[in-house]
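For reference, the structure discussed in these notes is given below.
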There are 2 protein chains.
Amino acid sequence: MASISVNDVAAAAGVSVGTVSNVLNRPDKVSPGTVARVQAVIAELGFVRNDAARQLRAGRSRSLGLIVLDVANPFFTDLARGAEDRAAEDGLAVLLGNTDDNVAREAAYLDLFEEQRVHGVLISPLGDIGERLNRLRARGTPTVLVDRQTEDRSFSSVAVDDIAGGRLAAQHLISLGRTRLAFVGGPNSIRQVVDRLSGARLAVAEHSSVSLEVVDTDALSVLAGRAAGQQMLVRAPGDRPDAIFAANDLLAIGVLQALNMRGDLHVPRDIALIGYDDIAFAAAAVVPLSSIRQPSVLIGYTAVDLLLREAQGGDEFEHEQIVFQPELVIRESTAS
Amino acid sequence: MASISVNDVAAAAGVSVGTVSNVLNRPDKVSPGTVARVQAVIAELGFVRNDAARQLRAGRSRSLGLIVLDVANPFFTDLARGAEDRAAEDGLAVLLGNTDDNVAREAAYLDLFEEQRVHGVLISPLGDIGERLNRLRARGTPTVLVDRQTEDRSFSSVAVDDIAGGRLAAQHLISLGRTRLAFVGGPNSIRQVVDRLSGARLAVAEHSSVSLEVVDTDALSVLAGRAAGQQMLVRAPGDRPDAIFAANDLLAIGVLQALNMRGDLHVPRDIALIGYDDIAFAAAAVVPLSSIRQPSVLIGYTAVDLLLREAQGGDEFEHEQIVFQPELVIRESTAS
DNA sequence: CAGTCAAAATGAAACGATTCATTTTAAGCT
DNA sequence: AGCTTAAAATGAATCGTTTCATTTTGACTG
């Protein structure tokens, strides 16, 4: 069955294709009678615009691309929600790409979005993709970095100060009187992990009696956290840290699950635990989890807003770096 | 800056556009020397295929549409993951649409996908959209219903037997000796809610001494669960149920948070609690949550598989209804 | 009634990749 | 050299929408 085109509609309504297009896009330029007639025919034939043809003509699509590390992480679904809300205000759709911390997948999504001529790209970048992004920009596709600041101000970005966040978390643990801290996180290819650790190091450096060990994980997931937690359990009690800062809440929840498997270990009595992101499930954990809160929905909303302004402003737009400050949320897992 | 097209590449490489297209799509039909020369020019000019033009010519896009109730629900992100995996095997992308239990948004996504001429649609339907889906099918776009069976076998579907699941949950609570059950869930426009409740009713009907009350919620979220839980707290102790079956884990977690606010109420001692979906966070809850497990990733994978087979099979494809059986997972929240 | 002018309608051209019937090239054989 | 054939390359036509320079319509004026 051949699909219905504007030509078919025009023929059936006894008008030209130009008029059909005008009814669709500028009904005020067409006499009311004609509008009604054409719309009736559209309904009757079941005509639906072909978006590919529109895009071809327009030169760009009406979608934004959003590339995140992990859609299973509530932090990113919240962020995506904010982005979607802002995009919808301008009639744009959001295409969601999930890299799973994999550089190849990141490249694949960038290729896809480039072929689709998306309206703009929001990305929480992984690999060294400055050149890719410059190419996109040369084609007129604005880009905003999410959850990451650029050193050189060549891109707009919306981020949270992860160094400050890491510092907050470690300072809090130290203020409880803990002295043998452990940072659980990884891999180091993720900038957020590195920054949160640096922040923690800053706080630790201010106290000569406090040590910080690093327990590396190969992902930021509940599973990876559980593995890290189990690794702590097999150690001699005196050799264990008395406070753990996990690079995100998923890890923290995993660590908590592992620690809880032994009845004799108690959080926070024996080991205090703090996560990062303050996802909705943190408050509902076995031991309600202290965390560092980021305004996830707002980050997504702001990022799209910035993207659209950049798209408007054209080449001479002054790139803008927006940085939100994180916030400490204290719950039972670090009660004194 | 004008964008680079196959014409520019052809001119620069001294070949025809047809040859450039062949290099892109059927390199074996072109002599090795020419392939190399054209690819060199492509790299040099930074040519990127325009997907809109390809789609226009091809008549359909290389994406699938997936419409779900709530991307913030881990059940659906797991399902989406499975769908993405299977789609990637055939070089297809997945567009994710989030309805938030809103019929208007569901319609908007269907419009969008129809205009995009997507390869196929996976949908967990809300409103009465049989006609819309028939129109899609008439255009040659196959549709598979996810997490929902059709009564009339006119569509393929992949679902879990929610009535059996509801029954399992209630039977389990009854087997603990509980007699005043409450079902927390809503709204009734969501079929999963209705089925899980029916299943529970079946189990309750087998025991004359057991009662079942229904506490309606206006969403399947942690927040709605918390509200429902608070509503139980204000009642007189003797008036409270001794077991709660929540329509999904998000609700259950919310209920749990509310009940825990009172130090004197203990789960499961005073009130046993079971959820549904067995999301990753269920095991990590304050009181590890019993739940009904669904093979979420597999559901998504299977749904896309079915969709692709239906696309292959053409009009005469026998619609297939696949039903998975749910599984009871017992944890501390219903320990006896 | 001729003349003016805005509103309405027209239809060819353009967007960029793919297809396929045709032509060109080059290798192999007598 | 002449002939056959397969491989390689060609380029016009096509997909469906939008745009815009042009034409048509019809209402109104002096």
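Protein chains get the first letters and strands the later ones, always in sequence-line order, with residue 1 at the start of each.
Minimum atom distance to the side chain of A:Thr19 is reached by C:dA9, of the listed C:dC15, C:dA9, D:dA9. Residue A:Thr34 has its side chain nearest to C:dA9 when only C:dA9, C:dG16, D:dT18 are considered. For A:Asn22, whose side chain is taken as the heavy atoms from C-beta onward, the closest listed nucleotide among D:dT17, C:dT10, C:dG16 is C:dT10. The listed nucleotides are D:dA8, C:dA9, C:dG16; the one nearest the side chain of B:Ala53 is C:dG16. Counting only heavy atoms from C-beta on, B:Ser5 has its side chain closest to C:dG16 among D:dT19, D:dA12, C:dG16.
Taking atom CD of B:Glu115 as the reference point, atom C1' of D:dG16 lies 13 Å away to the nearest angstrom. Following rounding to the nearest Å, A:Arg60 (CZ) and C:dG16 (P) show an atom-to-atom distance of 14 Å. At whole-Å resolution of the value, CG in B:Asn50 and P in C:dT18 are 10 Å apart. In this structure, the NZ atom of A:Lys29 is 13 Å from the P atom of D:dT19, given to the nearest Å. Distance CG (B:Asp51) to C1' (D:dC15): 14 Å, rounded to an integer number of Å. Following rounding to the nearest Å, B:Phe47 (CZ) and C:dG16 (P) show an atom-to-atom distance of 10 Å. With rounding to whole Å, B:Asn7 atom CG is found 11 Å from C:dC15 atom C1'. Look at CD on A:Gln55: it is 22 Å from P on C:dA14, rounded to the nearest Å.
Put simply, the side chain of A:Asp8 gets close to the backbone of A:Ser5: a donor and an acceptor are under 3.5 Å apart. Looking at A:Thr302, its side chain does come within 3.5 Å of a backbone N or O of A:Leu298 through a donor-acceptor pair. Side chain of A:Arg26 to backbone of A:Val23: no donor-acceptor contact under 3.5 angstrom is found. Proximity of a side-chain donor or acceptor of A:Ser156 to a complementary backbone N or O of A:Glu320 within less than 3.5 Å is detected.
Between B:Leu56 and B:Pro32, it is B:Pro32 whose nearest contact on DNA chain D lies nearer the 5' terminus. Take the nearest nucleotide of DNA chain D for B:Arg37 and for B:Arg117: the residue whose nucleotide is more 5' is B:Arg37.
Considering only side-chain N and O atoms, B:Arg54 lies under 4.0 angstrom from the phosphate OP1 or OP2 of C:dT18. Side-chain N/O atoms of A:Ser31 include one lying less than 4.0 angstrom from OP1 or OP2 on C:dA9.
Using a 4.0 Å heavy-atom cutoff across all strands shown, A:Val15 reaches sugar-phosphate atoms only and no base atom. Using a 4.0 Å heavy-atom criterion, one finds that B:Arg26 contacts the sugar-phosphate atoms exclusively. Using a 4.0 Å heavy-atom criterion, one finds that A:Val6 contacts the bases of the nucleic acid, with or without backbone contacts as well. Contacts of B:Asn25 with the nucleic acid, taken as non-hydrogen atoms under 4.0 Å apart, involve only primed sugar atoms and P, OP1 or OP2. Using a 4.0 Å heavy-atom cutoff across all strands shown, A:Ser21 reaches at least one base atom of the nucleic acid.
Under 3.5 Å, the side chain of B:Arg57 and the base of D:dT14 form at least one donor-acceptor pair of N or O atoms.
In summary, B:Asp90 and B:Arg62 do not engage in a salt bridge, as defined by a charged side-chain N under 4.0 Å from a carboxylate O.
A donor-acceptor pair shorter than 3.5 Å can be found between the side chains of A:Arg153 and A:Gln321.
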